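Structure, as structure tokens:
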Amino acid sequence: MPLEETTGLDLMVLKVWKSFEAENVGVIGLYGMGGVGKTTLLKKFNNQLVSRRQDFDFVMWIVVSKEPNLDSIMDNIRKKIGIEDNVWSLCSDRDEKAKRIYNVLKEKKFVLLLDDIWERLELKMVGIPHPKDINFQSKVLFTTRSEDVCAKMQAQKTFRVEVLPKKEAFELFCSKVGEETLNSHPGIPKLAEEMAAECKGLPLALNVVGSAMAGVNKFEEWEHYKNSLRDSPWIASDYEKNVFSILKFSFDKLPDETHRNCFLYCALYPEDHEILVLDLIDKWMGEGFLGEDTTRSIYAMRNHGESVIQKLKLSCLLESVEDDLFLSRTVKMHDVVRDMTLWLARDQDKNKRKILVQRDVLSVSQDDVETWRIVEKISIRDCDEFRVPTVPYPNLTTFIVNSCSNINNIRYMRRLKVLDLSPAWDSPMEIPIEIGDLALLEYLIGFNILASEFPMGLKKLKNLKFLSLNVRKGDASIMSEVISSLEQLRVFRFYSFTRGTSWGNEREFLEKLECLPNLEELVLTIYTENGLNKLLESTKLQSCMHFLHLFDVDDFLIHLPSLFASMSKMEHLLFISFIQVRFVQDSSVHNTCCLRKLRNVVLSACSSIVDLTWLKYAPLLQSVYIHNCESVEEVIKGSGIEGDVFSSLVELKLLSLPKLKSIHNTPLTFPSLRSLEISGCPTLKILPFDSNFAKHKLKEIKGKQEWWDNLEWEDQAIKLKFQSKFQIIRENLKSLEDKWEDLLSMKQDLMARIDEAEDTGNMHRTQEMDRWINQVEFHQENCKSSYKLGKKVAKILKNVDELATKGQRFSKLGEVAHKIPNRLAIEMPPDETVGLDLMFTKVWDSIEAETVGVIGLYGMGGVGKTTLLKKINNELGKRMLDFNLVMWIVVSKEPNLDSIMENIRKQIGIEDNIWNRCSNHDEKVGKIYHSLKQKKFVLLLDDIWESLELKMVGVPHPKDNNFQSKVLFTTRSKDVCAKMQAQSTFQVEILTEKESLELFFMKVGEETLKSHPNIPKLAKEMVVECKGLPLALIVVGSAMAGVKSVEAWEYSRNKLTSSSWTAPNLETKVFSILKFSFDKLLDEAHRNCFLYCALYPEDYEINVFDLIYKWIGEGFLSQDTGESVQDMRLHGESVIQKLKLSCLLESVEDDLFLSRKVKMHDVIRDMALWILRGQDKTKRKILVQEGASRVSPNDIQMWKTIERISIIDYDELHVPAVACPNLTTITFAMKKLGGPKTLDLSNIQYMSRLKVLDVSSSHPQKIIKLPAKFGDLVHLEYLSLMGDMSVIPTELKKLRNLKYIALYKSSDDVVSILLEVVSNLEELRVLRFNTSAKKNKEERKIA
């Protein structure tokens, strides 16, 4: 990889390399502040792996970044390990993709280099086997800014990348300034030393500031810049801002406002994004950064943009990624420089809502009108979750999005100047009809637009200067009407490569283009003879031509000399593409051709071309792609060519040219050539290379082995020089290629039959069929690496023949699937299973026993019963036992039979329409029973508290089918095992001392344990206090990960020792241990937020968005009214993250931002309730679920004591008519069905201190009745009423403290009352109004 300066890193590389070669090290972490050189170190390591040629099958480099995209990470990995597109596309979900990667890598030796990790990345989530699972034969190295991440990644070795010492810092600074500048005045070296000292040894700062001073030869300027840098604030408490202040020096030193605006704009691209240079310059022009003056040409502005790019690269504010191909050049920003850019663009973080990029956009509520009012620029790429809110955007000028819904709402963006709608290539984007409302729009990009859906509104865009459209199949004749209205248009780009796209009358359309007074640049696809003739006769259109695509031009013979005579007048032409075009060629073409700016040429399926000698008249030509042109015999004809032919050529691809005999008949120098690919050119026997050629940039020659072996060389020494650069295209024997294609076709046919069988819901592929498919896919995944070894072809051929024979047998016998109505086990994310292996073996023996049908696992909470059951579930999926179905059901303390049956019926495949026809509970039981009684199944029941009658939920007892089916369950009570009539029971014990130490040390991390010699002893003492309980060891160990102060360990040890194991009963003792992690939370906000989660039922999946709003309503996240809702939500997100890292919350759903869910381990929840209730001294303080329904309305003392009530998924709530002076929170969520039709909340008026009221029903017909004196609840701040309200009391307007309100209504009368109410709620910060009635005037008044 291209390498930056590595000053001061050599010793660190040696240390890392030593750890890398150690036999017991698999994961290595490199941590340090941003800009310190971690990525440079990792790149240097990558390059050394290449040069040392270690014995690894794969070395993979993956950039993770702050907002990791697991799909993108897996896609990068699968490409590097050779999983083909056709195999990858068959994977139905992320789990299947991860498994596909895992199956390739588990037998391989690999190195995975992960750059820029911000939080723990679960390797198995992206299909990477953990090195410890394969005896450390593979290695994972990663960089991160956080030492804590190293601990969470369980790195065996970690290294802190430090800032440079004074001497090395000065050496790096001087290398950037340059010797000539340093020697230009005797006083400059001393000033340089002082400026280097201000950079605090940070390599990024030294690079940026040193580069800024390069070429500054005046002593007075050095003094000025030194003082400017020294005056930058350096506040010890905010290191990141300090670094920004240093880097800002280089920003301030940019020549003018143009350079500064262009630089800041780059922050709109995602972190680590490779920015296409031409796209970036186009955007700068669209924004007006490069000049608003219409007298300045597009080309002058583009040249200006190129000089800005160059200056930003020289200033180390941008980095080159791809620099060889002019049209494909890319740049990127260092992540710290990008963070600094956003900091500057947001007025040094004083106005964070001014610019919204990526996840910033999603974190803003749809209802946050204030933020949408302030925002000036929005950029969100590669994210399909964004919905454009229906709110005004008075300051928004730039909107860049490639996937969103509610796109019609752009009509509210009245000040929009730049709009980029560029979706993924495979998904269409609609230009909304309302586009015409954007009267100020100057720049518009639309990709994958359906031609038939062009809105006429485009013609209203009188200020449009730049229009780029990529059009899919259809009639685009409407553009002919639109284009003549766009008189300010300067750039028009039209791309389309699909048959059937039409402008209508192409000539007429081009005539209208010709009449545009300001048009300067054109990209066109021409389809017709009339259109081409018009182009060739128009001086105006030729002068504007930038890219020219001729695609399937009627059935018309094009006279090549005439075409090139016109193309020679196209002084700005950079790219030509001729596809399926017929030419007439003669020698006169050479006399008329001059293509002085042409960079790229593509010819495909073009007939009657014998040679391409005209290419020599394109001196800047960089890329040539010739494909399937059957008549081509020579590339460059003749000999003794004058000048440097192909002197700029970077890549040359010659494919399927059966008559090609020569590229050129004498050697060419090719000084810039990097890649040569030749395939399907059997008569090409000589390459125009000599011995000097190999000294240049050439990296690869791709071709088939047979072609390479038959090449003729003037000197065999030349062939030897090129041998290392040769790469075999696919395989080297046609027979293998043909047989492989036949085998894949056979597999496709069999897969279609399997899919047809499995789609019925009662068939499953046979084990033999499954093995055959896996073998085919194994060869498919590994053939790519085998192609590099021609000697293996015979062996592969033999394997392919054997697989084909087996496949034919399946085809004849039809044994592809057998009747199995249900799925096998779904693999679950495994937890640590330290100490469970022996127990697992015992349980497995019972599963296989013929006289055992019910197995019970019992033990205290947190001892690992669920972990053991998960391990059994996963093994059932792997071992392919003869079961039809494995079902996993969580029962919990308060079992809901309806919910249990709902889960079972989904897992056995009873369709919704059949299930919904069941009129009662017994009928549903019958449906399940009928489906299962003839089957062999395994039912895994987690967390049973009381005996569960299996037939009550439709499950046949295993003894009724001779123990062919199995039921396994976990419980805390041995008595439950007896009541469940278990034939085998197992007590899951606490861990031994040795096992406890192993699990605890694993969670703390080796780096932390080695950070001080006394820590291992203190860790052992803390392990003793955890009494062998896995949950306690995990929670306490995770809390201590990354803690390297021995004093902090001593304090924590003393706190744990003093609080634990002195309680009167076992459960309370466990709570005392777990409370250690609670006490170690950062502050009161984190502790309050954690305790609040206990208000949700056991095993409840809590919506993260809903939870954070509740926290805001309770006042946990801020008491400062100056803090925005947006800031409080971000605070809430950080609390969620901390609670997950502390193992106090668990992720359930984490992929969809708006649907994320968390849950609590049942023991953790019990501990939280225990704390909330004053360690059970005030049990009546909090009432949750059944506890609330059991309180008598006459128990006046109880209602006086209670502070919070939460009842979820119940039929009704009885609110007593008694005073509740301490009650602050009520949460009640009704079931979808059952209970009375009206929920009477009349008595809530007696709860005078109520602060949070959340009442919801998932049934739209459930009516919520509010009290007449609702206005007496003057302390209410959070109100959510999600049900049908026939009446909203006008007294609602008395709730002056109300900050959050969410309402669902069905009546138009409610809207009128709400209109009167909301205008009085001056403290209101969030309004959510979900309507099911038709829109009316009152609603618009509310808005």
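It should be emphasised that the depicted structure is a prediction, and the values quoted were computed from it without experimental measurement. Sequential numbering from 1 along the given sequence is applied to the chain's residues.
- By the 4.0 Å N-to-carboxylate-O rule, Glu306 lies close enough to Arg329 to be salt-bridged with it.
- In this structure, Phe575 has its ring center under 6.0 Å from that of His549.
- Using cut-offs of 30° and 60° on the angle between ring planes, the pair Trp713 and Phe722 is parallel.
- When each of Glu529, Glu506, Glu514 is tested with Lys534 by the rule side-chain hydrogen bond (donor to acceptor under 3.5 Å, both in side chains), just one qualifies, namely Glu514.
- Under the 3.5 Å distance criterion, with hydrogens and angles disregarded, a donor-acceptor pair is assigned to the side chains of Gln705 and Asp709.
- Between Phe551 and Tyr527, the two ring planes are perpendicular [angle over 60°; tilted spans 30° to 60°].
- Side-chain atoms of Thr613 and Asp611 include a donor-acceptor pair closer than 3.5 Å.
- If you look at Tyr617 and Phe564, their ring centroids are not closer than 6.0 Å.
- Of the charged side-chain nitrogens involved, at least one lies within less than 4.0 Å of a carboxylate oxygen, so that Arg302 and Asp282 count as a salt-bridged pair.
- Side-chain contact of Ser623 with Glu651: a donor-acceptor pair under 3.5 Å is present, judged by distance alone.
- Under a 3.5 Å cut-off, the side chain of Ser543 and the backbone N or O of Lys540 do form a donor-acceptor pair.
- Using a 3.5 Å distance cut-off with no hydrogens or angles, the side chains of Thr666 and His664 do pair a donor with an acceptor.
- Salt bridge annotation for Glu700-Lys725: absent, with no cationic side-chain nitrogen under 4.0 angstrom from a carboxylate oxygen.
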